[in-house]
Participant: 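Following this message is one structure expressed as structure tokens.
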Amino acid sequence: MPIVLKSLREIDAMRRAGQIVALVLEELRENVRPGVTTGDLDRLAAAVMAREGGRSAFLGYRGFPAHICTSVNEQVLHGIPGRRVLRDGDLLKLDVGIEWHGLCADAAISVVVGRGNRVAEQLVAVAEEAFWAGFAQARPGKHVGDIGAAIAAVIRRAGFAVIEGYAGHGVGRALHEEPSVPNDGQPGEGVLLRSGMTLAIEPMLAAGGGKTRVLRDGWTVVTLDGRLAAHFEHTVWVRDDGPMVLTQP
């Protein structure tokens with residue numbers, strides 16, 4: 001699949017999609033507390049999407065049955081919302097994708113529920129720090145390997161592991177486009193970055209090892225050793241003046 005460079009008109013539509021993503025994530029964050037179910041959060045997300053005029057890019061994607069992904073503790077990503085009740089100290093990953101007028105944006109946050117534990121708090125902080133390290137490399141003339149190397153350096157320096165086998169991706173006209181954006185790699189290697197590319201940069205890390213498996217639901221990715229995992233993501237526009245996050249209010 002060829003890499004799609006976006007026009008300014010398409011970037012404007014992605015920015016609006018990204019603003020809705022940010023609104024959904026903010027309202028979800030404000031409502032994360034012990035006693036809430038992940039299904040409650042999915043219904044809230046659907047209401048905000050309807051209010052703002054955006055459509056979930058996840059619902060129905062390859063059969064995914066919910067508006068958002070909610071992944072708890074050892075679940076890394078693609079968790080399906082349902083009856084699970086959140087408890088003090090849980091580490092929740094919220095992943096939201098919105099399609100607006102044919103263009104998509106995608107972002108994720110990690111949130112510690114109620115009173116957390118020290119490792120969960122550290123994972124959340126390192127996930128965000130790793131994102132910004134990767135973001136700084138998203139410039140024309142760099143390579144996707146520069147992004148991956150920067151992300152991995154932050155994660156390993158903190159004593160955590162990079163989740164193996166999963167990566168960021170191009171996003172825009174489709175939820176997943178080329179190129180793959182690794183969370184590990186070598187500087188100067190991989191696809192050359194060009195102005196007009198739009199990338200979902202999404203560090204995923206774990207307190208234990210980086211190996212994973214998929215649950216019987218066919219979606220939920222969990223750490224093989226059952227240790228906590230975190231995830232942080234924004235949609236980023238690569239441009240001559242420097243990268244810009246599109247999934248902010």
Side-chain angles (χ1 to χ4, degrees), residues 1 4-32 38-71 76-82 92-111 127-128 131 135 138 166-181 196-204 219-221 231-239 243-249:
M1 182 184 297
V4 180
L5 303 181
K6 309 305 185 302
S7 68
L8 292 179
R9 181 191 63 77
E10 289 173 315
I11 293 294
D12 284 343
M14 289 184 66
R15 184 181 287 120
R16 177 54 187 153
Q19 289 170 339
I20 299 173
V21 169
L23 285 170
V24 173
L25 285 172
E26 189 55 37
E27 294 209 25
L28 291 174
R29 185 198 294 272
E30 291 174 358
N31 284 276
V32 169
T38 54
D40 293 334
L41 296 175
D42 187 65
R43 286 185 285 276
L44 173 61
V48 178
M49 292 173 191
R51 185 190 73 202
E52 298 297 329
R55 187 184 70 81
S56 170
F58 295 173
L59 182 64
Y61 180 81
R62 298 182 179 176
F64 189 76
H67 297 83
I68 60 174
C69 299
T70 55
S71 307
V76 184
L77 72 168
H78 302 164
I80 301 172
L92 172 67
K93 281 69 70 178
L94 294 162
D95 197 348
V96 174
I98 292 289
E99 182 269 329
W100 192 82
H101 288 205
L103 276 298
C104 297
D106 189 8
I109 57 174
S110 293
V111 181
E128 185 164 358
F131 166 80
F135 170 83
Y166 293 89
H169 51 89
V171 60
R173 295 180 190 172
L175 181 60
H176 292 102
E177 297 180 345
E178 294 294 334
S180 177
V181 183
M197 294 170 84
T198 45
L199 309 173
I201 299 174
E202 50 179 323
M204 291 165 257
W219 284 101
T220 310
V221 179
H231 179 205
F232 190 88
E233 176 184 15
H234 273 303
T235 294
V236 175
W237 175 22
V238 179
R239 55 181 195 152
M244 174 181 284
V245 171
L246 298 178
T247 37
Q248 287 182 330

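Counting begins at 1 with the first residue of the sequence. Bear in mind that the values here come from a model prediction, so they are computed numbers and not experimental data. Both backbone and side-chain heavy atoms feed into the values below; hydrogens, waters and symmetry mates do not.
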Participant: Check Gly79 against Ser71 and note the closest heavy-atom contact, atom names and distance.
Facilitator: N-OG, 3.0 Å
Participant: With rounding to the nearest 0.5 Å, note down the distance linking CE in Met49 to CZ in Phe58.
Facilitator: 8.0 Å
Participant: Would you give the length of the straight line joining atom CZ of Phe232 to atom CD1 of Ile109, rounded to the nearest 0.5 angstrom?
Facilitator: 8.0 Å
Participant: Go through the steps to decide whether Asp12 and Arg9 satisfy the test salt bridge (charged side-chain N to carboxylate O under 4.0 Å, His left out), and finish with yes or no.
Facilitator: CA-CA 5 Å; Asp12 284 343; Arg9 181 191 63 77; over 6 Å; no
Participant: Starting at SG of Cys104, measure out to CZ of Arg55 and round the result to the nearest 0.5 Å.
Facilitator: 7.0 Å
Participant: For a quick test of reading the model, state the closest non-hydrogen atom pair linking Pro81 to Ala66 and the distance between them.
Facilitator: CD-CB, 3.4 Å
Participant: So does Glu52 pair up with Arg16, basic N to acidic O under 4.0 Å?
Facilitator: yes
Participant: Contact between Leu28 and Leu44 at the side-chain level, heavy atoms closer than 4.5 Å - yes or no?
Facilitator: yes
Participant: If you round to the nearest 0.5 Å, how far is CD1 of Ile68 from CD1 of Ile80?
Facilitator: 12.0 Å
Participant: Would you say Glu30's side chain and Glu27's backbone share a donor-acceptor pair under 3.5 angstrom?
Facilitator: no
Participant: What class does the angle between the rings of His78 and Tyr166 fall in, given that below 30° is parallel, 30 to 60° is tilted and above 60° is perpendicular?
Facilitator: perpendicular
Participant: Do Asp106 and Glu233 have side-chain heavy atoms sitting under 4.5 Å apart?
Facilitator: yes
Participant: Could you walk me through whether Val236 and Met244 pass side-chain contact (heavy atoms from CB on, under 4.5 Å), step by step?
Facilitator: CA-CA 6 Å; Val236 175; Met244 174 181 284; over 6 Å; no
Participant: Step by step, would you call Lys93 with Ser110 a side-chain contact (heavy atoms from CB on, under 4.5 Å)?
Facilitator: CA-CA 4 Å; Lys93 281 69 70 178; Ser110 293; 3.3 Å; yes
Participant: Nearest 0.5 Å please: distance from the SG atom of Cys69 over to the CG atom of Leu77.
Facilitator: 7.0 Å
Participant: Test side-chain contact (heavy atoms from CB on, under 4.5 Å) on Leu199 and Val238 and set out the steps.
Facilitator: CA-CA 8 Å; Leu199 309 173; Val238 179; 3.9 Å; yes
Participant: With a 4.5 Å heavy-atom cut-off, do Asp42 and Thr38 have their side chains touching?
Facilitator: no
Participant: So, taking the atom named CD in Glu26 and the one named CD in Gln248, what distance separates them when rounded to the nearest 0.5 Å?
Facilitator: 11.5 Å
Participant: Using side chain to side chain donor-acceptor pair (under 3.5 Å), reason through His231 and Glu202 one step at a time and then give a plain yes or no.
Facilitator: CA-CA 7 Å; His231 179 205; Glu202 50 179 323; 2.7 Å; yes
Participant: What verdict does the side chain to side chain donor-acceptor pair (under 3.5 Å) test give for Thr198 and Lys6, after you've listed the backbone C-alpha separation in whole Å, the side-chain angles of each residue and the deciding distance to 0.1 Å?
Facilitator: CA-CA 7 Å; Thr198 45; Lys6 309 305 185 302; 2.8 Å; yes
Participant: Can you name the nearest heavy-atom pair linking Ala107 to Leu25, along with the distance?
Facilitator: CB-CD1, 3.9 Å
Participant: Are His67 and Arg43 close enough that some pair of their side-chain heavy atoms sits under 4.5 Å apart?
Facilitator: no
Participant: Ala127 and Pro203: which non-hydrogen atoms are nearest, and at how many Å?
Facilitator: O-CG, 3.8 Å
Participant: Indicate yes or no: at least one non-hydrogen side-chain atom of Ile20 is less than 4.5 angstrom from one of Trp100.
Facilitator: yes
Participant: Between Met197 and Trp237, does a side-chain contact (heavy atoms from CB on, under 4.5 Å) hold up when you go through it step by step?
Facilitator: CA-CA 6 Å; Met197 294 170 84; Trp237 175 22; over 6 Å; no
Participant: Does any non-hydrogen side-chain atom of Leu103 lie less than 4.5 Å from one of Arg173?
Facilitator: yes
Participant: Given Thr247 and His234, is the side chain to side chain donor-acceptor pair (under 3.5 Å) satisfied, shown in steps?
Facilitator: CA-CA 6 Å; Thr247 37; His234 273 303; 2.8 Å; yes
Participant: Evaluate the side-chain proximity of Leu94 to Leu41: yes if any heavy-atom separation is below 4.5 Å, no if none is.
Facilitator: yes
